[in-house]
Amino acid sequence: FSGEVIETSDTFTQQVFQADPPYNLLYEFSSDTQGGSELTITSTRQKDSLKVLRSDGVNKETEILRNFDYRLNHYLSDLIFLLPNQNIIGNTVKSRDFADGEFADFVITLSEIREQIVKGVPYKYFVYDAIWDDGEFPITGQMLVEQDNLTLISFWMEDLQMEVRLEDKEIAQDINNQKDFYLDNMIPLDRDFYEILESNSHTTVKNIFLEIEGNYNNQFPTAFQQEVVQIEGKNYLVLGNALVDTEYGIWEEATKSDIQKNLEKKNFDPIDDPMIIDLAKKGIKGATNIEDKLTNLLSFVYDYIEDTYVVGSVTTVYDIIEQKSGDCSEHSFLFNILARSIGIPSRIASGYAYDPQSQSFGWHAWNEVVIDGYWYPVDPTWNWDSVYGHIKEDEKLNPFFNNIKFKLSLIQFENGEEQFY
């Protein structure tokens with residue numbers, strides 16, 4: 001996106017190696033299509049040389065690389081981190097890559113192993129320092145690689161001030177709907193308030209005041225156990241504990257239209273499918289009152305779905321039931337369908353939940369159900385039937401990019417004690 005113009009580039013690369021030793025590169029083809037024009041590079045081995053043909057559809061240019069030596073082991077050398085016991089901080093791998101008819105030296109060093117909660121589930125990834133040197137303009141940067149399948153998820157090239165990232169296709173191509181990268185969709189907190197609460201276990205927390213720093217645009221509505229207040233010109237998000245009669249936040253009454261809206265069938269919303277209803281009945285385990293039904297159904301969804309973060313969006317509830325894996329999106333979606341199929345009004349809420357590992361609030365989704373005429377939050381991802389500390393966000397005011405921070409200001413306890421920071 002440059003100068004009010006959106007440009008999309010499609011790149012395709014193919015390499016073919018000899019099937020027998022010494023596994024020489026026999027053929028490479030790459031194409032880059034942008035703005036209606038296509039640049040292709042075709043490299044073909046001729047004995048000990050490689051013929052490189054570059055074409056833009058009008059002009060052609062040929063180059064012969066003599067005494068050409070590039071084999072499968074060169075290509076695989078930078079994948080050494082796939083081997084057991086190689087992901088040790090400080091390990092360095094040097095390799096030589098060949099792409100688009102040119103050689104480049106590639107050096108990566110594992111500098112850090114990070115772990116945080118992403119969309120409600122544990123997520124671990126590796127941080128590599130990288131240097132890409134094609135002999136003309138070395139590029140330094142940082143690579144983020146997923147731990148489980150070693151998928152490259154981000155490559156920040158500092159010298160070019162450019163990032164290549166793994167992202168859902170719909171998000172990547174919709175320039176008007178830009179969002180934070182899923183690893184960056186966090187609101188940092190200046191200190192871990194969990195430790196403070198644990199050190200005050202003799203009493204119960206009543207209110208937590210978080211000063212909002214940055215460009216706050218009213219995205220946190222007054223909701224259950226939360227309210228934004230202004231004190232001396234500063235915005236504070238107050239997380240109130242409804243169990244100890246906090247004066248902050250509201251109990252949202254469920255109107256008849258709300259209940260009807262969240263019980264009726266929506267587009268491709270199979271709450272009337274006998275299979276879905278049977279699964280929901282299995283989940284509540286014969287419970288008859290609303291509290292036991294919710295407790296059992298939360299536990300059922302929590303156990304049914306294996307915690308896994310995958311780039312992409314939820315498709316259908318049938319996919320979730322079949323795959324039995326996902327993050328908070330899949331947990332909340334499945335719970336929402338099952339609850340409504342047996343007559344429990346339910347809706348999906350989104351916002352942020354605290355992650356003590358990264359000491360920040362990360363994007364999260366959970367559910368709200370009707371109990372005694374009021375909307376009450378529950379979290380099937382974490383199997384919580386009593387939710388405190390989640391921050392609901394107004395989706396209509398959801399910013400493109402989140403650039404705010406929280407600063408712990410005050411904690412009030414049920415016994416009247418106060419701690420200022």
Side-chain angles (χ1 to χ4, degrees), residues 2 5-83 86 91-110 128-145 149-166 169 172-173:
S2 177
V5 176
I6 298 174
E7 295 182 355
T8 301
S9 175
D10 292 319
T11 302
F12 172 81
T13 302
Q14 180 186 48
Q15 289 183 329
V16 178
F17 292 89
Q18 185 180 2
D20 302 309
Y23 308 109
N24 287 315
L25 177 68
L26 301 179
Y27 173 81
E28 183 194 49
F29 175 79
S30 65
S31 66
D32 188 357
T33 305
Q34 183 174 340
S37 62
E38 181 183 26
L39 173 64
T40 63
I41 302 176
T42 305
S43 302
T44 307
R45 191 176 189 89
Q46 298 176 339
K47 295 184 178 180
D48 293 334
S49 300
L50 194 74
K51 180 180 179 181
V52 181
L53 175 63
R54 296 178 175 86
S55 174
D56 60 4
V58 178
N59 303 302
K60 293 184 178 181
E61 178 184 289
T62 302
E63 179 183 8
I64 302 296
L65 303 180
R66 304 192 183 281
N67 299 317
F68 181 79
D69 182 21
Y70 189 73
R71 289 159 283 161
L72 186 61
N73 64 306
H74 294 108
Y75 172 79
L76 296 175
S77 60
D78 59 359
L79 303 179
I80 192 172
F81 287 107
L82 289 170
L83 300 176
Q86 293 301 310
N91 270 14
T92 297
V93 172
K94 299 179 181 179
S95 64
R96 198 166 200 218
D97 288 352
F98 181 80
D100 299 335
E102 297 179 347
F103 281 105
D105 293 322
F106 193 40
V107 182
I108 55 176
T109 302
L110 179 58
Y128 298 95
D129 295 326
I131 302 176
W132 177 277
D133 187 357
D134 62 0
E136 295 183 5
F137 184 73
I139 298 173
T140 60
Q142 187 179 77
M143 296 170 53
L144 305 182
V145 177
N149 54 23
L150 294 181
T151 300
L152 178 65
I153 53 180
S154 172
F155 186 10
W156 166 249
M157 291 166 277
E158 183 176 1
D159 301 290
L160 300 180
Q161 291 294 294
M162 182 177 76
E163 181 188 17
V164 177
R165 62 169 60 166
L166 178 65
K169 185 175 181 179
Q173 292 187 341

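Atom set for the values below is all heavy atoms of this structure, side chains included, hydrogens, waters and symmetry mates excluded. These numbers come from a predicted model, not from an experiment. Positions are given from 1, in the same order as the sequence printed here.
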Fill in: Phe68/Phe103 aromatic ring centres below 6.0 Å
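Under 6.0 Å, so yes.
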Does [X] reach the side chain of [Y], with side-chain heavy atoms less than 4.5 Å apart?
X      : Y      : result
Glu28  : Phe98  : yes
Val164 : Trp156 : no
Leu65  : Val52  : yes
Gln15  : Leu25  : yes
Lys51  : Thr62  : yes
Thr8   : Gln34  : no
Ile41  : Ser43  : yes
Ile108 : Phe106 : yes

Minimum heavy-atom separation for [X] to [Y], with atom names?
X      : Y      : value
Glu163 : Ser154 : OE2-OG, 2.7 Å
Asp48  : Arg45  : CA-NH2, 4.4 Å
Leu53  : Lys60  : CD1-CB, 4.2 Å
Asp159 : Pro138 : OD2-O, 3.7 Å
Thr92  : Thr109 : OG1-OG1, 2.8 Å
Ser31  : Glu38  : CB-OE2, 3.4 Å

Worksheet entry | Neighbour count >12 (heavy atoms, 6.0 Å) for atom CG, Asp69 |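 Yes, because the 6.0 Å sphere around CG of Asp69 holds more than 12 heavy atoms from other groups.
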Worksheet item: Would you say Gln161 has more than 12 foreign heavy atoms packed within less than 6.0 Å of its CD?
Response: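 More than 12 within 6.0 Å, yes.
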Worksheet item: Between Phe17 and Tyr75, what is the ring plane arrangement, given parallel below 30°, perpendicular above 60°, and tilted in between?
Response: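 Ring orientation, 0 to 90° scale: tilted.
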Item to complete: Determine, step by step, whether Trp132 and Met157 satisfy the side chain to side chain contact (heavy atoms under 4.5 Å, CB included) criterion, reporting the C-alpha distance in whole Å, the side-chain angles of both residues, the deciding distance to 0.1 Å, and the verdict.
Response: CA-CA 9 Å; Trp132 177 277; Met157 291 166 277; over 6 Å; no
Can you measure from [atom1] ([X]) to [atom2] ([Y]) and round to the nearest 0.5 angstrom?
X      : Y      : atom1 : atom2 : value
Ser77  : Arg96  : OG    : CZ    : 11.5 Å
Leu26  : Leu50  : CG    : CG    : 9.5 Å
Ile131 : Glu158 : CD1   : CD    : 11.0 Å
Leu166 : Leu144 : CG    : CG    : 11.0 Å
Phe155 : Met143 : CZ    : CE    : 6.0 Å
Arg165 : Leu152 : CZ    : CG    : 12.0 Å

Item to complete: Check the pair Phe29 / Val16 against side chain to side chain contact (heavy atoms under 4.5 Å, CB included), numbers first and verdict last.
Response: CA-CA 9 Å; Phe29 175 79; Val16 178; over 6 Å; no
Practice prompt. Show the numbers, then the answer: is there a salt bridge (Lys or Arg N to Asp or Glu O under 4.0 Å) between Glu63 and Arg54?
Written response: CA-CA 8 Å; Glu63 179 183 8; Arg54 296 178 175 86; 3.1 Å; yes
Fill in: Pair Asp56-Ser37, side-chain donor/acceptor within less than 3.5 Å
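Not at all, the side chains of Asp56 and Ser37 share no donor-acceptor pair under 3.5 Å.
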Mark yes or no for whether [X], through its side chain, and [Y], through its backbone, hold a donor-acceptor pair below 3.5 Å.
X      : Y      : answer
Asp129 : Gln142 : no
Asp134 : Glu136 : yes
Asp100 : Glu102 : no

Worksheet item: Where do Thr33 and Asp10 land on the side chain to side chain donor-acceptor pair (under 3.5 Å) test, with the steps shown first?
Response: CA-CA 5 Å; Thr33 305; Asp10 292 319; 6.0 Å; no
Practice prompt. Go through Ser9 and Asp32 one step at a time and tell me if the side chain to side chain donor-acceptor pair (under 3.5 Å) criterion holds.
Written response: CA-CA 7 Å; Ser9 175; Asp32 188 357; 2.7 Å; yes
Discussion item. For a side chain to side chain contact (heavy atoms under 4.5 Å, CB included) check, start with the C-alpha distance between Leu160 and Ile139, then their side-chain angles and the critical distance, and finish with the verdict.
Written reply: CA-CA 7 Å; Leu160 300 180; Ile139 298 173; 3.7 Å; yes
